[in-house]
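Just so it is clear, the structure is predicted and the values come from calculations on it, not from any experiment. Note on naming: letters A, B, ... go to the chains in the order of the sequence lines (proteins, then strands), and numbering restarts at 1 for each one.
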Amino acid sequence: MRFEGTLDIAAPRDRVWSFLTDPTQVTTCAPDVQSLDVSDPHHFKVVVRAGVGPIKGTFSMNVQFLELERPKHAAVLARGQAPGSAVQMVSNMDLSEFDDTHTVMEWSSEVTVSGMIQQVGARLMQGAADKITQQLFACIKTKLEASVPI
Amino acid sequence: MAVETAPATTTGTRRMKVHVTVNGQAHEVEVETRTLLVHFLRENLGMTGTHIGCDTTNCGACTVLLNGRPVKSCTVFAVQADGMSVATVEGLEKDGKLDPVQEGFHEEHGLQCGFCTPGMMITAAALLAANPDPSELQIRQAISGNLCRCTGYVNIVKSIQYAARKTRETAGGKAPDGG
Amino acid sequence: MIPASFDYAVARDVGHAIQLLGTSGGEGKVLAGGQSLIPLMKFRLAQPALLIDINRVAGLSAIKENGDLRIGALVRENDLEANPIVRQRYPILVETAAVIADPLVRNLATIGGNLAHADPANDHPATMLAVRASVVAQGPKGERMIPIDELFVDTFTTSLAPDEILTQIRIPKPAPRSGGTYLKLERKVGDFAIAGVAVMIVLDASGKVASAGIGLTNAGPTAIRAGRAEDVLTDQMPDDKTIAEAASRAAAAAEPVSDLRGPAAYKKDVFRVLTRRAIVKAIARAKGGA
Amino acid sequence: MAVEIGGIGQSVKRKEDARFIRGRGNYVDDVKLPGMLYLDIARSPYAHARIKSIDTSKALAIPGVLAVITGKDLVPLKLEWMPTLMSDRQMVLPTDTVLYQAQEVAAVVATERYIAADGVAAIEVDYEPLPVVVDPIKALQPGATLVREDREQKDNHIWHWEVGDKAGTDKAFKDAEVVVKQDIYIPRIHVSSIETCGMVASFDKINGKLTVWMTTQAPHAIRTVIALVAGHLGLSEERIRVISPDIGGGFGGKVPVYPGYVLAIGASVLTGHPVKWIEDRSENIQADSFARDYHITAELAAKKDGTMQALRVKTVADHGAFDAAANPSKYPAGLFHIITGSYPFAKSFVEVDGAYTNKPPGGIAYRCSFRVTEAAFTIERLVDVLALEIKKDPAELRMQNFIPPTAFPYTSSLGWEYDSGDYGRALKLAMDKIGYAELRKEQAAKRAKGELMGIGISSFTEIVGAGPSKHFDILGIKMFDSCEIRVHPTGKAMVRLGVKSQGQGHETTFAQIVAEELGLPVGDIAVEEGDTDTAPYGLGTYASRSTPVAGGATAIAARKIREKAKLIAAHLLEASPDDIEWKDYKFQVKGVPAKSKTMQEVAFAAYTNHPQGMEAGLEAVDYYDPPNLTFPFGSYICVVDIDRGTGEVKVRRFVAVDDCGTIINPMIVEGQIHGGLTMGLAPALYEQINYDDDGNIQGGNFMDYLLPTAMETPNWETAKTTTPSPHHPIGAKGVGESATVGAPAAIANAVVDALAHLGVRHIDIPITPWKVQKILKEKGVAE
């Protein structure tokens with residue numbers, strides 16, 4: 001499943017870049033974070049709860065920055081599992097400076113779900129994955145545009 | 001991931017004593033609240049006549065009467081049955097006399113491997129209690145929540161028709177009452 | 001398949017259930033018929049911390065006609081199907097209940113659960129859209145009515161607040177010269193719908209369509225109303241061409257996804273076919289036919 | 001007299017029903033032993049992935065979880081791999097790489113079932129996904145993702161197998177007046193017996209004896225396999241007892257050895273406690289032996305008048321990640337070369353290539369004798385394609401071509417010697433019963449009105465009853481079967497067999513054979529199966545082999561007893577054995593009916609008054625090695641109606657005429673046919689297991705894998721002809737699978753027939769509403 005979008009973020013590009021590439025900041029936009037464990041600047045582990053309605057899973061995600069071209073481009077691989085299920089999300093973010101205070105972020109995410117959730121929830125997954133992905137990026141915009149970092 | 005053992009809340013309980021009357025006999029057993037009724041019957045009470053054939057509420061092998069209605073006991077928690085009556089295949093035979101449904105399944109070759117049979121018979125008994133003279137279509141509709149892989153259903157339909165005839169012929173043929 | 005552990009509480013009454021929901025911090029889940037929830041729990045896809053059993057709450061299992069039809073949320077599908085009032089005057093409800101899952105599931109499954117679960121594959125939502133029902137929601141601040149069009153927000157998501165419980169469904173009394181039906185195409189008994197269409201038609205004295213209600217099952221993230229199809233019919237003589245046009249509009253409104261129950265394009269077309277058939281049948285009923 | 005005996009040909013009510021209708025069956029999940037532990041299995045969400053690490057700490061921290069077993073734990077025990085029945089090997093647990101979704105990855109042993117499930121949920125595996133190949137045709141292309149890195153051969157090709165006269169067949173095709181060709185895909189399906197698989201393993205550390213209760217159709221073969229797999233750990237065959245209790249349906253799915261069995265045994269040996277492992281339905285569908293998955297290209301050469309001349313078939317067989325089909329060793333494509341069916345092809349050639357993919361292993365388990373359904377479906381479909389090509393009625397074309405009854409025993413161009421048959425008689429009976437000519441008229445009238453109905457025929461020939469042992473073995477074990485009969489002094493008999501009923505009614509039918517041969521009432525004969533400590537060695541029940549093979553053993557063992565009994569009778573009657581005849585279920589002095597002895601009288605004498613010099617007792621064992629296979633056949637006719645709006649296919653009528661030779665119990669045979677027909681309907685219209693490009697299973701539980709209910713199943717109509725097998729001791733052929741083999745083609749042919757006037761020649765099964773509706777749209781006839 002591929003999702004993409006373009007965000008106009010009212011924040012300077014450097015600030016957007018540091019937010020996106022800082023595990024402690026960017027994970028504040030992940031759904032329902034249970035724990036975060038940063039092993040090195042390029043790798044971290046985050047446990048999140050995500051789902052739709054009563055279908056909710058705890059996903060233990062290993063996240064890795066695959067590409068970092070400061071301050072223009074980042075690619076992130078997040079791979080994790082819930083019981084009997086696995087999820088993988090490869091996200092690409094391209095930042096361009098609209099002006100000093102505005103950044104345009106083009107993002108895309110390729111989400112693969114395998115196992116139980118895929119089998120039992122296939123008919124619901126497209127919608128759920130879309131929603132979770134949209135929320136993630138919408139949250140990034142909101143946080144960056146807040147006058148004080150939330 | 002971690003086992004999702006939800007945090008204990010102050011308002012609920014993880015274990016509970018349930019009182020259930022099964023085939024007329026009262027039982028009181030403390031169980032985990034997540035115990036499924038079918039496991040309660042099979043594991044806690046040792047009544048293994050009720051079978052498990054799937055995990056998605058499709059096959060009906062676990063059908064029992066809960067307060068007189070046929071339900072899939074894999075999709076009911078034992079705690080929900082607290083204070084209720086349950087009837088299982090073990091209770092169909094009364095005082096050494098087979099229920100007409102049991103007789104019908106034997107006479108009309110309504111079973112082969114026998115695994116779906118208890119659930120199928122319970123559903124049939126409930127149907128006949130509600131409708132002593134069902135049409136073939138009504139029988140097929142009534143058992144459409146019970147899967148059989150051996151018989152092709154034709155003889156199951158005949159078995160239930162046999163039981164219906166038999167019940168009508170036998171004055172005072174007693175319907176299963178769930179307890 | 002074994003569910004994860006949970007805390008269990010039996011609600012004494014609606015107020016108690018609401019209170020339990022409120023204190024569960026969003027981790028509580030109401031257990032009614034359980035026929036959708038328990039399978040999800042067995043797969044551990046749903047792992048509520050607290051299960052609030054409302055099955056022992058009195059007063060939620062009645063069916064009354066009192067100006068409108070009032071159906072308690074805990075009414076089991078088989079009881080709905082068998083109810084004399086419903087059988088006599090609301091065949092669309094009988095037809096809907098009769099094709100939900102299978103007869104054993106229907107002995108426990110409740111109409112309130114069917115709606116509150118907000119699964120687009122459930123059958124009652126489309127019917128309730130067609131008959132323009134409302135639901136009664138009860139929360140800490142009391143009762144409120146939610147028109148059916150405002151209930152379904154997204155898949156598994158309703159406009160009920162986290163501490164609100166759906167307690168009753170209200171269906172307008174059928175107008176004179178009205179008829180409705182629910183048609184569902186499923187691959188086998190117990191399967192989810194490939195497509196389902198609920199149609200409610202009211203004719204005026206001249207035979208024109210005074211009002212039309214059309215709801216679609218499994219046509220998107222929620223059950224949907226085929227509003228433009230309704231518009232096509234309204235105030236028109238329902239001739240073949242108009243009905244065909246309405247059916248096409250219904251198909252156009254449907255946004256099914258491709259899955260094991262067929263490719264999206266096929267399903268869209270089935271919405272057209274079923275809508276046409278359902279309109280014809282509903283009109284026949286409105287005219288006094290079966 | 002015959003009524004009392006309950007011998008061959010009578011619809012004796014089943015003896016086994018008594019316990020089943022009371023809920024007193026004893027299935028493996030009903031077995032409960034003191035101190036029993038529970039095993040549950042963690043499975044891979046990925047179809048192909050490297051296991052980077054497995055973290056079991058959280059699982060082990062759960063109170064009640066006693067152990068977590070991973071592949072690495074099995075290495076020192078040399079148990080991480082096990083042999084398959086097809087001379088391949090299969091992982092018990094992976095040490096490095098998983099090869100299909102739902103593959104076993106780790107096992108949790110706990111004090112309770114629920115805790116074991118919690119343990120499974122707590123295991124954390126770090127996977128690195130690898131590229132996936134699910135299409136066997138792509139898998140065979142150069143550069144395809146390699147499924148089996150452990151093999152020396154570095155591609156996905158398992159084997160090539162061919163039979164027939166290639167050059168002669170090619171020439172016949174070159175010279176033919178008419179050639180039809182059809183690509184046919186027979187998709188992956190799953191038996192889904194309502195009982196899943198499971199085991200209770202109980203290892204007694206003191207005497208080193210392992211007792212297992214398990215859902216196996218072949219307990220003796222399993223005992224041998226356990227000894228071969230775990231012999232190095234001290235589990236020698238005399239210390240292994242396999243008990244196959246009541247089985248809730250098998251259909252072939254309970255023949256193979258699954259990793260769960262090995263794990264349960266291993267866990268019991270390690271802990272010294274009994275260990276129970278019971279699959280969930282999802283696990284059963286997703287990881288246990290599948291069936292079919294054959295990609296077939298079939299061609300038929302004929303004369304313009306329809307005379308069939310040659311058959312050429314090329315097939316790619318998807319065997320998943322391990323070649324674990326339970327085929328006879330010499331036949332990697334099973335008995336697929338029965339594909340010439342009921343027709344006398346002068347030349348034919350068949351070739352099959354097996355391929356590995358990232359899908360679960362297996363290959364034959366669906367109520368079918370080793371790839372016979374694939375063969376019957378293909379030829380019966382192809383005959384209809386020819387009928388359309390030359391514009392001939394499909395019934396007429398079949399009648400014209402059938403191997404004539406006078407030609408039997410008939411040797412096919414692919415080497416089988418058909419024992420007996422009268423195909424025309426069966427088809428004619430089916431046509432009469434369904435009213436074929438009237439239906440054709442109705443169809444013409446409906447077509448004129450734009451309505452769609454179709455009539456489909458399938459005149460299949462089956463091949464069942466493996467051995468003979470000179471050709472048939474599994475893992476080197478010859479495919480004979482066995483029966484032991486002990487007649488007790490009071491004239492009651494105990495019959496033990498090497499086969500194992502899973503619903504076929506063996507306790508009744510085998511007693512009927514003995515009753516017939518020995519003149520003892522069927523009620524006095526107890527049949528026992530499935531306990532390797534007591535039953536004689538046999539290969540088990542699958543591929544419709546119980547009656548053809550064990551039935552032969554039973555009749556011959558009984559006849560051995562009768563021979564001895566005759567000597568005792570002569571002794572009691574003070575006559576020469578040559579003057580004694582077996583008549584009306586009694587030994588009589590020839591011509592003096594008043595001087596007779598019953599078998600009961602003889603039995604008593606066998607222990608109390610046997611002739612001097614004769615051994616006491618009245619027992620016999622027979623290991624029956626059939627001289628040939630048996631060839632049941634039948635003609636099925638199906639009528640369907642098609643909804644022009646939704647594409648739904650409704651089976652309106654279905655007449656099945658079967659000929660399985662001598663019938664032991666007509667009631668049971670009819671029941672077998674009903675069930676087989678429903679399992680023929682299922683893949684024709686409903687069931688399929690598909691995989692997406694990532695190797696995710698689609699149809700992995702009963703929500704998505706659509707078993708027909710009583711509402712989808714028509715009211716089957718049956719009839720029979722009887723053409724005994726000339727080489728079988730009682731003339732029986734076996735019938736358990738015929739209907740499943742024969743029905744899909746009749747249904748598919750009916751649907752194609754309904755659309756044939758629009759130019760339709762073929763639709764792959766399952767024939768879903770959307771496949772039909774797509775055609776209706778293309779042809780402009782959709783509602």
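Between C:Tyr8 and B:Arg34, the closest side-chain pair of non-hydrogen atoms is not below 4.5 Å. Contact check for B:Lys72 versus C:Ile38: no side-chain heavy atoms found under the 4.5 Å cut-off.
Only the side chain of C:Asp53 comes within less than 4.5 Å of a heavy atom in chain B; its backbone stays farther off. Residue B:Thr63 touches chain C through its side chain alone, counting heavy-atom pairs closer than 4.5 Å. Looking at C:Leu40, neither its backbone nor its side chain comes within 4.5 Å of chain B, counting heavy atoms on both sides. When heavy atoms are compared at a cutoff of 4.5 Å, C:Leu37 does not approach chain B at all. Residue B:Gln141 touches chain C through its backbone alone, counting heavy-atom pairs closer than 4.5 Å. Proximity to chain C is absent for every atom of B:Leu127, based on heavy atoms less than 4.5 angstrom apart.
Of all the heavy atoms in C:Leu31 and B:Phe77, the pair that sits closest is CD2-CD1, 4.3 Å. In terms of heavy-atom proximity, C:Lys42 sits nearest to B:Leu36 at CE-CD1, 4.0 Å. Here the closest non-hydrogen pair linking B:Ser144 and C:Asp102 is O-CB, 4.2 Å. Heavy-atom minimum distance, B:Arg14 versus C:Asp7: NE-OD1, 2.6 Å. Heavy atoms only, all atoms of each residue included: B:Thr57 and C:Pro39 are closest at OG1-CG, 3.2 Å. In terms of heavy-atom proximity, C:Leu104 sits nearest to B:Asn146 at CD1-OD1, 3.3 Å.
If you take CZ on B:Arg69 and CG on C:Asn78, they are separated by 6.0 Å, rounding to the nearest 0.5 Å. The structure places CG of C:Asn107 at 11.5 Å from CG of B:Asn67, a figure rounded to the nearest 0.5 Å.
Counting heavy-atom pairs closer than 4.5 Å to chain C, the top-ranked of the candidates B:Cys74, B:Pro70, B:Ala142 is B:Pro70. Chosen from C:Arg76, C:Met41, C:Met1, C:Arg56, the residue pairing most often with chain B at heavy-atom distances under 4.5 Å is C:Arg56. With respect to chain B, the highest number of heavy-atom pairs below 4.5 Å among C:Ala98, C:Ala9, C:Pro3, C:Ala101 belongs to C:Pro3.
Heavy atoms from other residues, nucleotides or ligands lying under 6.0 Å from CZ of B:Arg15 number more than 12.
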Give the intermediate values and the outcome of side chain to side chain contact (heavy atoms under 4.5 Å, CB included) for residues B:Val76 and C:Leu108.
CA-CA 9 Å; B:Val76 180; C:Leu108 285 172; 3.4 Å; yes
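Put simply, the side chain of B:Thr33 gets close to the backbone of C:Phe6: a donor and an acceptor are under 3.5 Å apart.
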